[in-house]
Structures are given as structure tokens and as C-alpha cells.
Amino acid sequence: MKMSKMYMPTLREVPSEAEIPSHKLLLRAGMIRKLVSGVYSFLPLGFRVIKKIENIVREEMDKAGSQEVLMSAIQPKELWEETGRWTDFGPEMFRLNDRHERSFCLGPTHEEIFIDLIKDELKSYKQLPLNIYQIQTKYRDEKRPRFGLMRSREFIMKDAYSFDKDIEGMKESYMNMWRAYENVFERCSLYFKVVEGDSGAMGTGDLHEFMAMSNIGEGEVVYCKDCDYAATDEKAKVIYEVKNVLIDKLEKEEVHTPNIKTIEDLMEFFHIEGSNFVKTLLYRVKEDIIAILIPGDRELNETKFANYLNIPEHELEMLDEETIKRVTNAEVGFAGPIGIHKDVRILIDSRVNKMRNFIVGANKTNYHIKNVNIDDISGEEVEDLLLIKPGDKCPKCGSELEIDRGIEVGNIFQLGTKYSDGLNATYLDENGKAQKFLMGSYGIGINRTMAAIIEQSHDDKGIIWPLAVAPYHVIITVINPNKEDQLNLGEELYDELLSKGIEVLLDDRKERPGVKFTDAELIGIPLRITVGRDANKGVVEFSIRGEGEKNNIQKEEVYQNVKKLFEEQNLNI
Ligand code: ATP
Ligand code: MG
């Protein structure tokens, strides 16, 4: 492509709407433009990258034996009602009516629609397993669309669905997708971790998330320094060792603690560590009031709490001040398990059972009780309600855990019969008996992957595209296109590389060299050839975006240099 003809509206200023590097750079490089909040248009350069990523995904899915289809974004309400998700999906679903007042949604995902597609025709165990996928636009009215392509309201997803006859088959399909995903993200040059995720209260099987590591990621990735354990912070199992388990139990005693409410204040007041206290956290879940007891030096993991109650997390509410006062008979800050209103349901993290002589709120303003032991309390023991923190022990090998942030670019999910139950989707087994399909679903966010690549690969001048997803492989900058020898050599190299299958941009614009270099760096084309003063000697400058080194080479060596870089990265031209 000749840049004199290209539509590439680059910006010098950083648009005020953008907070993170990928969003700023995509706008500045003229790759995307916002239509309305959370909805973007892709311009020529940006669209090329989308297609590159889609093709990597497509190749790896095809290689893994999945078959590509294309479904509509418009989906009838009735199918969603059969699985109960017309209601459960809530306000994230875009809904619309046709002229006959029939209701539809713009698909936020496609489980129902894929099952509907296959269920009347995939009838025999002999046709299983089946894996089908599409690369298609999804719609979600996100509560907080933000960060550009990272969390938008319209986005392209690769979604795949597997159908198996038994659990072993489902697990095999799952591992097959796992491997395909590793290939995809490696080919996109992402640094990622595969982490165990939480499938929620209704979860049926394993769930793994593919996290591109980045400080701007919304997810927390817990991982072990010494083994392969990795999980989301919601899922990570907490190993918590209780100290002083063998000391004698003492007589409990009320202590006057005027205006001392937080754990920090209490630690200072009693001159002891947080692990000597038990926190009482109060929640409302629909009609119920629930008190949760956890060690004083830890935080509650709300996901584990919601899973224990078998409810979605959004149904948890912190208890309001007025009700706290009513059930504890005290000001906020003095709640405890002893003497709290009898209707409060008490959940106790299993570690509290082992603690000795701890301190709790007295349900009396300005008082705490010390030397409390588990026999003084009654409630339900829950194995693990704690939130992980750095330095905790790895549940697999006992080494130390670390926590970093990550961007969820894809996930794989064992669904079991969850959806085939709802939609009554069956096949006939070897004995002619109807059996429910065992399903898996597998998503990759194409746009989010594009943004994640930029988050991991940019500098203060612009994007640094990995060769495999770059909109063009090579940019030839002609310093002064008014000079015939420069323009001619630029065009000669351009034609040669194009004829050999390389994707090339020729900057033949009548702009100052500074403008051209700034644009080249901003749009991040990986291989750069500069044609300047030495054109008459057949010499050009060759460099790699993001690396300092510049080399003068003969025009005859250009293709070999480019080819070598493709070979080094195992890429075909
Ligand atoms: P998140 O927790 O980030 O909301 P999700 O669990 O809702 O993600 P899925 O429904 O599993 O995501 O969708 C599969 C993939 O689609 C995600 O891994 C992500 O890459 C992408 N994705 C999901 N929501 C968005 C969005 N609003 N914008 C861009 N990509 C998205
Ligand atoms: Mg979501």
C-alpha cells in the first residue's frame, strides 16, 4: 500500500477519553474510532490486525478439528427462556422487538443457539464428538464499557462448542481446546498464564482462563514461583496456618475498648497481631442476615461466600447501618458472634475453629470480648472463605504465591449437561437410549486480544506489533520523494517485496521526514527500511521497530534480511 493513498488519520495529541496505552495508541495510530460509548469502528490498519488475529485463531481451531460456521447475532427470546437465561442475563443483554412484537436479543453468547442448531440432527453417538465454532460479533450492554477495545459493548468473539457423549470425552475435547489456545496466544506473542477460574455457584466442571499478564488487567492472577499452580484470586485456595493452637483456653472476659473499632485500632490497643482477632462481617442475602467469622488478619472472598450459599455474587449486599445496630444492639464496629440476634445465620471459616483465646466484638458499644474460643460460638463451619494474598503458601507445593494482574483474553469451560438439560438436547447411545450431551464452551475475545498485545508491546513512541499480527510487515520510508533516485529505489524495493508475498507500506508522502518517522513508530510496523541520501549507491537503512540497531545494507540484501526474520520466528511468508 502506498501511504500517499492510504486512509490513516493519525493523531499527535492523546485523546482525553483514553486512559490506557492500547486505547490511546489505537486512536492515535488511526486504527479505531469511537462511534458511541463502547462501540468502535475499525479503520484500514486496525482491521488488518483484527483479520490477522482471526486467521491465527481460525488456523488453530481448524487444526484442532473444530469446524467453522456462522450464526446470526439476532436470537429469539424463546430459546433463552428454555435455559432461564432470558432473565438471568439481566441488563447486560441488548433486547429488541420486531414489527409483530416478537422479542429477540442481540447475542451476548451462543450456547442456546448452537444447541438448537444441532439438537434435531445430531442424533447418534456415532456422530460424536463434535466441535463447532464461529468468529462473530457479540453484544453486551456492559455496566462500565471502558479501556477501548478491552471492555466494549460490541466485540468480535471466537466461540466454540463441543458435544460429547461422556465426561471423559468432554475432558478430552477440553484439553484439545486448551492446546489450541496455547498455540493461538503463543503465535500472537503474548506472555500469558493459564489459570484455574471459578465457574460460579452453578458451575459444573473445570474452567480455565487465559490471562495476558499486564498491570492494567482487571483480573488478579495468583501463581506459584516454583510449580505450575495458577488460579484467579476468586478461586485460589487459601492455606492459612493458625498460630498458638496448643495454648490453654482462658476464661473469656469483656474489655472496655472506647471508640476502638477497626482491626488496626484494636491491634494498637491490645498490642497484639491481627491474627489474634476474629472479624465478624455482616451481609444481607435476600431476606437473610448472615454473619461471617474469619481470622482478623484476612479478608473475605465474596465469590467463595456466594458459592457456599449457591447464589450469584450480585445477590450479596453489605448489611445497612440501621440493621447492624438492630441485630447487634450496638454502634457499628462492635459486632461479634456472642449475643448477636438469634435470627442471624453464622458462617465460620474453618481456621477459626483452631484459634485459641481470640478477641471479638461484644455486641455492646465500646466493648470487645477477649479469650473467646470456638466452644463459645455456634455456627456453620465453611472450609475456606478467605481471599488469597501474596506470600500465602501454594496449595500444590507449599512454596510462596505471587499475585499479578492479567487480561482475560480467552477461556475454556466444561459445561456438563447444564444446557442440554435446559434445552432437552439428547442423542441415542449404543443401546438406543436417549442421553444428554456433555458440552464445553470456549471463547476468545479477538478485539481484547488485539488490545492486550499492544499493552504488552509498545513504547513511548507507539505500538510495536509482533510480526505475526502486524498490519504490514515492512514500511519503506522515502525521506525525500522529490528526489528521483530515492523514490525509484523505494518503489523498486516495494515491488520486489510485494512480489515475494511480503506486506509492505511505502511512505511516499510529501511530508517532512520527522512526520514520517513519527507515524512509522506510532503505527508500529516491525521492519523498517529507510531510503535516503545513499539511494544513488543502492544503499538503504534497515532496522527493527523497538530495537536500537540500524544497519546500512545494499538493496540486494533487503529481501534476505526480511526473510531471515520470518524464519527466526517460524513464520511463513
Ligand atoms: P469478563 O469477565 O472480562 O467480563 P466474561 O467472563 O464475561 O469476561 P466470556 O463470556 O467468557 O467473558 O467471553 C469470552 C471472551 O470474550 C473473554 O475471555 C474476553 O476475551 C472476551 N470478552 C468478554 N466480554 C468482552 C467485552 N465486553 N469486550 C471485549 N471482549 C470481551
Ligand atoms: Mg463479562
Side-chain angles (χ1 to χ4, degrees), residues 20 22-23 26 32 34 36-40 42 46 50 53-54 56-57 61 85 88-94 105-114 133-161 174 177-178 180-181 184-185 188 190 192-200 202-203 205-214 216-221 232-235 303 312-314 405-415 418-419 439-455:
I20 59 166
S22 60
H23 190 190
L26 282 164
I32 63 167
K34 181 172 94 175
V36 288
S37 165
V39 180
Y40 291 88
F42 287 88
I50 285 286
I53 299 172
E54 283 183 1
I56 290 177
V57 171
M61 291 301 292
R85 291 212 293 178
D88 289 354
F89 225 95
E92 229 177 73
M93 187 185 261
F94 275 106
C105 69
L106 294 178
T109 175
H110 275 72
E111 280 81 4
E112 281 80 354
I113 316 307
F114 268 76
Y133 78 99
Q134 64 174 345
I135 297 176
Q136 188 262 2
T137 308
K138 300 280 182 275
Y139 296 88
R140 293 185 187 177
D141 196 359
E142 296 277 353
K143 193 169 175 189
R144 279 189 73 201
R146 60 180 192 145
F147 290 170
L149 300 186
M150 215 51 101
R151 184 168 296 285
S152 49
R153 298 198 295 169
E154 183 192 65
F155 58 96
I156 305 168
M157 196 201 285
K158 185 287 300 171
D159 47 329
Y161 305 86
Y174 186 78
M177 286 294 101
W178 182 319
Y181 275 38
V184 165
F185 296 121
C188 289
L190 278 175
F192 65 95
K193 288 185 186 292
V194 190
V195 307
E196 213 179 301
D198 181 79
S199 50
M202 328 294 179
D206 285 357
L207 160 64
H208 281 87
E209 298 179 359
F210 287 70
M211 305 290 260
M213 304 310 290
S214 160
I216 66 91
E218 291 178 306
E220 305 246 13
V221 176
T232 60
D233 59 332
E234 294 169 338
K235 178 77 179 179
T303 308
E313 218 171 307
H314 65 80
R405 305 194 74 82
I407 302 163
E408 185 199 315
V409 283
N411 59 26
I412 54 176
F413 203 155
Q414 293 178 5
L415 298 173
K418 182 174 162 183
Y419 291 90
M439 283 183 69
S441 84
Y442 316 92
I444 291 181
I446 303 289
N447 321 17
R448 194 184 278 183
T449 297
M450 174 171 173
I453 293 170
I454 301 176
E455 290 302 331

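Indexing begins at 1, ligand by ligand and atom by atom, following the structure's order.
- Heavy atoms of L149 found under 4.0 angstrom from ligand 1 belong exclusively to the backbone.
- Inter-residue side-chain proximity for V221 and T232 is flagged as unmet; no heavy-atom pair is nearer than 4.5 Å.
- Between M150 and ligand 1 there is a heavy-atom distance shorter than 4.0 Å.
- Summary of contacts: the protein heavy atom closest to atom 11 (O) of ligand 1 is N411 ND2, 2.5 Å.
- Across the listed options R151, E218, K143, E92, R151 owns the non-hydrogen atom lying nearest to atom 1 (P) of ligand 1.
- In this structure, a donor-acceptor pair under 3.5 Å is present between the side chains of Y174 and H208.
- A salt bridge is absent between K138 and E154; no separation between the charged side-chain nitrogens and carboxylate oxygens falls under 4.0 Å.
- Among all protein heavy atoms, the one lying closest to atom 14 (C) of ligand 1 is M157 CE, 3.7 Å.
- In this structure, the protein non-hydrogen atom closest to atom 24 (N) of ligand 1 is F155 CZ, 3.4 Å.
- When side chains are defined from C-beta on, R405 does not count as touching I216, because their heavy atoms never get closer than 4.5 Å.
- Nearest to atom 21 (C) of ligand 1 among the protein's heavy atoms is G445 CA, 3.6 Å.
- Using 4.0 Å as the threshold, T449 has no heavy atom nearer than that to any atom of ligand 1.
- The aromatic rings of F210 and W178 sit perpendicular, their planes meeting at an angle over 60°, well past the 30° parallel limit.
- Shortest contact from atom 17 (C) of ligand 1 to any protein heavy atom: E408 OE2, 3.5 Å.
- A distance of 7.5 Å separates CG in D198 from CG in L207, rounded to the nearest 0.5 Å.
- No hydrogens or angles considered: a donor-acceptor pair under 3.5 Å links the side chains of Q134 and D159.
- Residue contact check for ligand 1: V409 places a non-hydrogen atom closer than 4.0 Å to it.
- The closest approach between T109 and ligand 1 stays at or above 4.0 Å for every heavy atom of the residue.
- Under a 4.0 Å criterion applied to the non-hydrogen atoms of G410, ligand 1 contributes the atoms 18 (O).
- Distances from atom 28 (N) of ligand 1 to the heavy atoms of S152, P145, A451 put S152 nearest.
- Between the side chain of R153 and the main chain of P145, no donor-acceptor pair closer than 3.5 Å is present.
- Checking E313 against T303 by side-chain atom types alone, a donor-acceptor pair falls below 3.5 Å.
- Per-residue contacts place E142 under 4.0 angstrom from the following atoms of ligand 1 (heavy atoms of the residue considered): 24 (N), 26 (C), 27 (N).
- Contact annotation for R140 and ligand 1: only side-chain heavy atoms (C-beta onward) come within less than 4.0 Å of the ligand.
- Ion pair R151/E408 not flagged as a salt bridge, since none of the NZ, NE, NH1 or NH2 atoms sits closer than 4.0 Å to an Asp/Glu carboxylate oxygen.
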